[in-house]
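This report refers to the structure that appears directly beneath it.
All heavy atoms count here, side chains included; hydrogens, waters and symmetry mates do not.
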Amino acid sequence: MGELVVDKHVKYILSVEKRKDSFESVVLEHLRMNGAYWGLATLDLLGKLDALDSNEVIEWIMKCQHESGGFAGNIGHDPHMLYTLSAVQVLALFDKLNVLDADKVANYISGLQNEDGSFSGDEWGEVDSRFSYLAICCLSILHCLDKINMEKAVNYIASCKNVDGGFGCTPGGESHAGQIFCCVGALAITGSLHHVDKDLLGWWLCERQVKSGGLNGRPEKLPDVCYSWWVLSSLIMIDRVHWINKDKLVKFILNCQDTENGGISDRPEDAVDVYHTYFGVAGLSLLEYPGLKAIDPAHALPVDVVNRIFFQK
Amino acid sequence: MDAEEHILRLSQDPEWADLTPIPQDDGPNPVVPIAYKPDFIETMDYFRAVYKANEFSPRALQLTHQAILLNPGNYTVWHFRRLILDALGIDLNEELNFMLGISERNPKNYQIWHHRRWIAEKLGTDAASKELEFTRRMLSLDAKNYHAWSHRQWVLQALGGWENELDYCHQLLEEDVFNNSAWNQRYFVVTRSPLLGGLEATRESEVKYTIEAILGNPGNESPWRYLRGLYKNDPKSWISDPQVSSVCLKVLSAEANHVFALSTLLDLLSHGFQANQEFRDAVDSLRPSNSDPADSDLAKTICSILRHVDPMRVNYWTWRKSKLPSAVSV
C-alpha cells in the first residue's frame, strides 16, 4: 500500500491557480469561497498553511461580504449561507476572526431562521437541514448561538429523523450520509445528541462500508471518498467509529490519490479535484493517519483552531 | 435548436452598444483563481452591467439565458432572472419549458431545482400534475436523484396529487427493488398521504408486499428496514406478528444472504421474542464449523455467526454480543 503523498498534495492545491481554461474552473467561479475553504483547510491539515499569504486571502474574503452581513461565493455574487460558513471557517484558520463584525454576520444568519425552526439558505427561501448545520456551526464559531431560537432549531432537525436512524433534507426525505453529518453536527454543537438513536444510526452508517473498504452515502450507491468525511465524522460524534473497518478505509482513500501530480479523486482512477482532496485528507485525519493535524468532526476545522476559538488556547 | 451553439457576440452587437461591460474582480493574487473562456468572460461582463443597472428587460432575460447555459450553477444569475420574470410578468409556463433541456443536462444542480420550486409555488395547485410528471421524467434518468425526490415530496405536500403515488413507488420497485429512494418514498406515502389512513391502516398490505420483496432478495437492506418502520411506535406488534419472525425463519432456511435475517431475529430476541426449537435449529445449521461453539443463548450464537459472515462489521457484532444479558440457564 502506498502512503499519503503529502508534498504532492500541497503542490496540487497551490497549482490549482495555474491551470488554464478548465471546465472545472468555470463552474467553480461562483463558489470560489468553498474552494478556498477546501484548499486552505487541506493545507492546514497537512501542516502547510503558511505556504500562502494570509493577508491577500483575507482581503479577498472581506470583499465578498455584503451589507446584509452574509458572504458571497466570490466578489460580485449574492450572499448565501453556504459561503458565509466557508468565509468564517477560513478566517478562523488564519486566526483572523477579529476582522469580522460578528454581530453583523450573526444577524444575517438569524434572519434566515423560519417560524418552524428551519433555516433558509438565502433570502430566496430554500429550506434544507444542511442550512440548519451551516447556521449553527457558523454561530458557534462566532460565539453567537444565543441569536437564534435554539429549541425550535433543534426540534426541526429532530423532525428530519427517519425510522432507519438517519436524517434527510426535510421531514420525510431519504436518509443520506451528507444530511446525517449536517444534522448530527448541529445536534452535537448544540448539546442535543439525545435526539439521535446512536446504536441504530451507527449500524446504518457502518453498513455504508462496501467490499472495497470505501463508504457510500446511501444503500446500493457507489463508494466515494467524500463519504469518508460525512460518515466518519458522524460516527465519531456518536462515538461509534470503531464499528467500521478503519484499515480498509485508509487503503481505499490512499488508492484514490494521484501519486504523480497530487490530489485525490472520488474513486480510484478518476480525475482529482480540490473537493475530494479535502475530504480524503480530512477523512484520513479522522482516522488518525500519522503526520496529519487532528480535525474536529462537528466544526470541520483543525482541533487546534477549535481550541483557540473556544478555550483561547 | 440548442442555444449553446448560438452564443451571442455581444461586443459586436449594436443592440448592446449602449452598455459598458464590467470585468470580473477576483481580488489580488486569488487563492483559487479562475481561468475563463473568452465567450464566458464577455457574457459575464455584460451580465454584471445589467445586474448592476437593475435592467429588467427582454434583452437582459435573454442574457441570463446565455449565462445559465455557460454556467448553470451561478445562483446570482438565476436570482436576477427571477427578478426579471417578475418585473416583465412573463408566463411561467413558458419558463418551465425553458427549464426542460437545462434540467436534463444538469440534474443535480441546486439552482435549477430551486428555480423550479419558485415557479411551481407561483403557479399553485395547477402545477401539481406537471411537476409530478417532470420529476417522473427526471427519475427515469436517475431513479435515486435526491433533488428530484425532494422536489416531488414538496409538490405532493404543497400542491397535492397523491392519488397514484403508491403505484408509482411500486413501478419503480418493479424496475429496481434495491432502490432505497423508492422505499423511502413508499414510507413517505403510507405515513403522510391524506388518502391512505396512515401506518396502521396500511400495515397489513404493506407487510405482505415487503415480505415478498425480502423473500425475492434477502440481502436487500431496504425492505428489511422498511418492515421495521411499519411497526414504528408499536414494538409489541412487531415482536408478536408471526409474519415478521417467519420471514426470518424462511430466509435462514434458504440458501441466501442471511445477514439481515439474522440481525432482525437478533433485534426481535433483544426485545423479548421467544424463539422455539425451529429457530434454534435453523440458526444452528448456519454455524460455521470453525466458529465459536454453540451457545445455549440463541442471541449469542447469532452474534457469533454474524461476526463470521460479516467480517467488515466484526466490531459491531462483537459489541452487540457484549450488550446481551449474560446467559441465564432456565
Side-chain angles (χ1 to χ4, degrees), chain A residues 16-17 19-22 25-32 35-36 39-40 52-53 56-57 59-60 63-64 72-78 80 122 124-126 128 162-164 168-170 172-176 202-204 206-207 209-211 213 218-221 240 242-245 248 274, chain B residues 22 24-37 40 44 48 51 70-77 79 82 110 113-114 117-118 144 146 149-150 153-154 157 176 178-181 183-185 187-188 191-192 220-222 225-226 228-229 232 263 311-316 319 323:
Chain A
V16 170
E17 66 186 282
R19 280 182 303 162
K20 295 290 176 207
D21 206 26
S22 69
S25 63
V26 171
V27 299
L28 278 177
E29 183 236 359
H30 65 284
L31 46 76
R32 206 171 130 216
L40 295 169
L52 273 168
D53 180 350
E56 283 170 8
V57 180
E59 196 182 320
W60 167 72
K63 275 193 175 179
C64 296
N74 205 340
I75 296 169
H77 287 250
D78 290 338
H80 194 284
D122 64 11
W124 288 92
E126 187 193 1
D128 187 318
N162 290 318
V163 282
D164 55 21
C169 60
T170 47
E174 184 185 5
S175 293
H176 179 292
W203 181 46
W204 190 91
C206 73
E207 278 289 328
Q209 192 164 29
V210 300
K211 278 206 180 79
R218 289 185 271 166
E220 299 294 327
K221 298 277 283 184
R240 302 288 186 276
H242 53 289
W243 287 356
I244 63 151
N245 187 319
K248 286 200 166 177
V274 184
Chain B
I22 303 175
Q24 167 76 21
D25 178 4
D26 274 344
N29 302 316
V31 198
V32 189
I34 318 290
Y36 308 101
K37 291 179 187 166
F40 181 82
M44 291 314 292
R48 274 178 221 103
Y51 180 70
L70 289 166
N71 178 13
N74 188 322
Y75 61 102
T76 297
V77 176
H79 167 176
R82 284 189 283 274
Y110 280 101
W113 290 100
H114 185 43
R117 166 98 50 110
W118 179 81
K144 299 177 184 176
Y146 202 83
W149 280 113
S150 179
Q153 292 194 345
W154 173 81
Q157 288 186 312
D176 175 16
F178 290 88
N179 181 349
N180 192 60
S181 305
W183 282 104
N184 184 71
Q185 184 71 354
Y187 197 73
F188 181 80
T191 52
R192 291 169 199 258
N220 185 0
E221 176 177 351
S222 303
R225 294 195 191 272
Y226 185 81
R228 181 74 180 85
K232 193 192 177 198
S263 71
M312 189 74 89
R313 280 159 281 275
V314 63
N315 291 340
Y316 173 70
W319 173 82
K323 230 187 72 171

Quick one, A/H77 and B/N74 - any side-chain contact, counting heavy atoms below 4.5 Å?
yes
Flag the pair B/Q185 / B/Q153 as yes when at least one side-chain heavy-atom distance between them is below 4.5 Å, and no otherwise.
yes
Between [X] and chain A, which part of the residue has a heavy atom less than 4.5 Å away: side chain, backbone, both or neither?
| X | result |
| --- | --- |
| B/H114 | side chain |
| B/R192 | side chain |
| B/T191 | neither |
| B/W113 | neither |
| B/K144 | both |

Partner set under side chain to side chain donor-acceptor pair (under 3.5 Å) for B/Y110, not counting sequence neighbours:
A/R130
Which residues pass the side chain to side chain donor-acceptor pair (under 3.5 Å) test with A/N162, not counting sequence neighbours?
A/S175
The side chain to side chain donor-acceptor pair (under 3.5 Å) partner of B/S181 among A/R218, A/K221, A/E220 is A/R218
Picking from B/W149, B/F188, B/Y75, which has the most non-hydrogen pairs under 4.5 angstrom with chain A?
B/Y75
Tell me which of these, B/W154, B/Y226, B/W183, B/Y187, has more heavy-atom pairs under 4.5 Å with chain A than the rest.
B/Y187
Which residue out of A/E174, A/H176, A/H80 racks up the most heavy-atom pairs below 4.5 Å with chain B?
A/E174
Distance-minimising heavy-atom pair for A/W203 and A/W243
N-CZ3, 3.7 Å
